[in-house]
Amino acid sequence: ARSFNFGAYHTLDTIYSWMDTLVAAHPNLVSKVQIGTSYENRPMYALKFSTGGNKRPAIWIDAGIHAREWVSTASAVWMADKMATDYGVDPSVTSLLGQMDVYLSIVTNPDGYVYTHTSDRMWRKTRSVNTGSVCRGVDPNRNWDAGFGGPGASKNPCSDSYHGPHAHSEIEVKNVVDLVQSHGNFKAFISVHAYSQLLMYPYGYSCTSVPHQAELDSVGRSAVQALSSLYGTSYKVGSICKIIYQASGGSIDWSYDIGIKYSFAFELRDTGRYGFLLPANQIIPTASETWLGLKHIMEYVRDHPY
Amino acid sequence: HKLFIGDQVLRINAESEEHIQLLKELEDDEGWELDFWTHPASTDLPVDIHVPFASLHAVKNFLQAHKIPFHVMINNLQELLDEEQEGVELNAMQERN
């Protein structure tokens with residue numbers, strides 16, 4: 001485990017193997033939960049951080065749902081290690097994990113991630129076959145049952161924002177949906193994307209404000225303040241629709257609509273030079289600042305039960 | 001492995017709603033095989049487009065003709081990908097050692 005380089009991009013096999021070393025190093029805190037398999041039959045895992053109890057209030061975090069957003073996955077690896085090593089050392093993390101469980105999916109689109117390593121670095125979608133089309137894949141962040149098929153998603157299977165034949169058609173999405181619904185006690189749902197430097201809350205499928213807009217905006221702004229305190233990275237905060245564009249079928253709209261109030265999506269850094277190709281030497285700085293923002297949200301969720 | 005030799009990523013700073021509309025037209029045009037890394041929505045956020053080498057001339061002409069400001073964010077996508085791949089391989093080798 002000590003030889004693992006957190007400041008490098010890794011293949012899926014290496015990440016999966018590293019997960020085992022993390023679990024082995026922290027057996028009383030971290031476990032690897034298989035939440036299903038991908039379209040191409042790869043296992044999908046979430047790391048579960050828990051100090052005991054059954055179905056305690058929990059926080060869901062996913063990274064890498066868009067395959068080419070490598071820094072999202074690389075940051076999630078670093079943050080998983082950080083959370084494990086800070087437990088028992090950082091009073092905030094210790095208190096958080098004393099009360100809540102955290103589920104962290106590091107590679108939420110494993111087929112796509114492998115495809116970016118082997119065939120097309122710019123691949124974004126899943127790898128499912130679309131009947132009647134030569135083009136493969138569905139945008140897994142247009143596939144959730146939240147304004148599905150509405151504005152900001154494409155019906156064209158060749159588009160990078162293709163919404164798929166029906167909501168939750170993608171097994172990768174369905175696996176997360178099933179876990180969250182069967183658990184029934186998630187209090188926060190956080191998706192990690194790259195890039196653009198944004199922290200967003202619902203809605204994307206509609207430009208109307210959510211009932212908790214003021215609170216989510218305030219939490220988001222404080223989280224960004226924490227994030228920016230490390231390197232001064234500037235982030236924008238707002239609803240998906242208002243700070244990027246209308247986009248239907250997104251994960252955090254789905255989570256919010258099923259009652260998970262604290263639903264956020266990060267777009268991690270790029271300073272306008274590299275886009276999806278953020279150099280590896282920026283992984284740890286990116287992860288470190290993101291961790292501060294993420295931790296702020298998790299602390300707020302812990303302190304504001306509902 | 002798909003190659004992106006000579007492809008560029010352009011960063012476009014739209015200055016008006018008219019620019020946004022023109023960029024949306026560009027987005028709908030499948031002929032140039034553009035990959036919008038970020039999409040045209042408002043003048044607040046830049047629009048980044050991965051442009052294949054074959055379409056570079058036409059896209060830059062389009063932007064210049066409509067006086068839409070842009071600069072080259074990534075000059076040769078493949079060079080950056082090669083560097084990245086080299087890093088992945090080097091690291092894997094070091095970890096094996």
Which value, rounded to the nearest 0.5 Å, describes the distance between B:D35 atom CG and A:F276 atom CZ? 7.0 Å

If you look at every heavy atom in B:E95 and A:T14, which pair is closest and at what distance? OE1-CG2, 4.0 Å

Whether over 12 other heavy atoms sit under 6.0 Å from A:E40 CD: yes

Of all heavy-atom pairs between A:M122 and B:W37, which one has the smallest distance, and what is that distance? SD-CZ2, 3.4 Å

Residues of residues 62-71 of chain A near chain B, each having a heavy atom less than 4.5 Å away: A:R68, A:W70

Quick check for you: to the nearest 0.5 Å, what is the distance between B:H50 atom NE2 and A:L277 atom CG? 9.5 Å

Can you establish whether the number of heavy atoms outside B:F53 located under 6.0 Å from its atom CZ is more than 12? no

Could you measure the distance from the CZ atom of B:F4 to the CG atom of A:D120? Nearest 0.5 Å is fine. 4.5 Å

So which of A:S161, A:G275, A:S154 has the biggest tally of heavy-atom pairs under 4.5 Å with chain B? A:G275

Are A:Y195 and B:T38 side-chain neighbours, meaning at least one heavy-atom pair lies under 4.5 Å? yes

Best-contacting candidate, A:S119, A:S159, A:A8, against chain B by heavy atom pairs under 4.5 angstrom: A:S119

Which atom pair, heavy atoms only, marks the closest approach of B:L45 to A:I244? CD1-CA, 4.0 Å

To the nearest 0.5 Å, how far apart are NE2 in B:H1 and OG1 in A:T116? 7.5 Å

Heavy-atom neighbours of A:K32 NZ exceed 12 at 6.0 Å: yes

Decide if atom CD of B:Q21 counts as having more than 12 heavy atoms of other residues, nucleotides or ligands within a radius under 6.0 Å. yes

Spell out the residues in residues 80-93 of chain B that have some non-hydrogen atom less than 4.5 Å away from a non-hydrogen atom of chain A, in order of number; otherwise answer 'none'. B:L80, B:L81, B:E84, B:V88, B:N91

Please rank A:R124, A:Q246, A:R121 by heavy-atom pairs under 4.5 Å with chain B and give me the top one. A:R121

Short side-chain to backbone donor-acceptor contact, A:K236 and B:D44, under 3.5 Å: yes

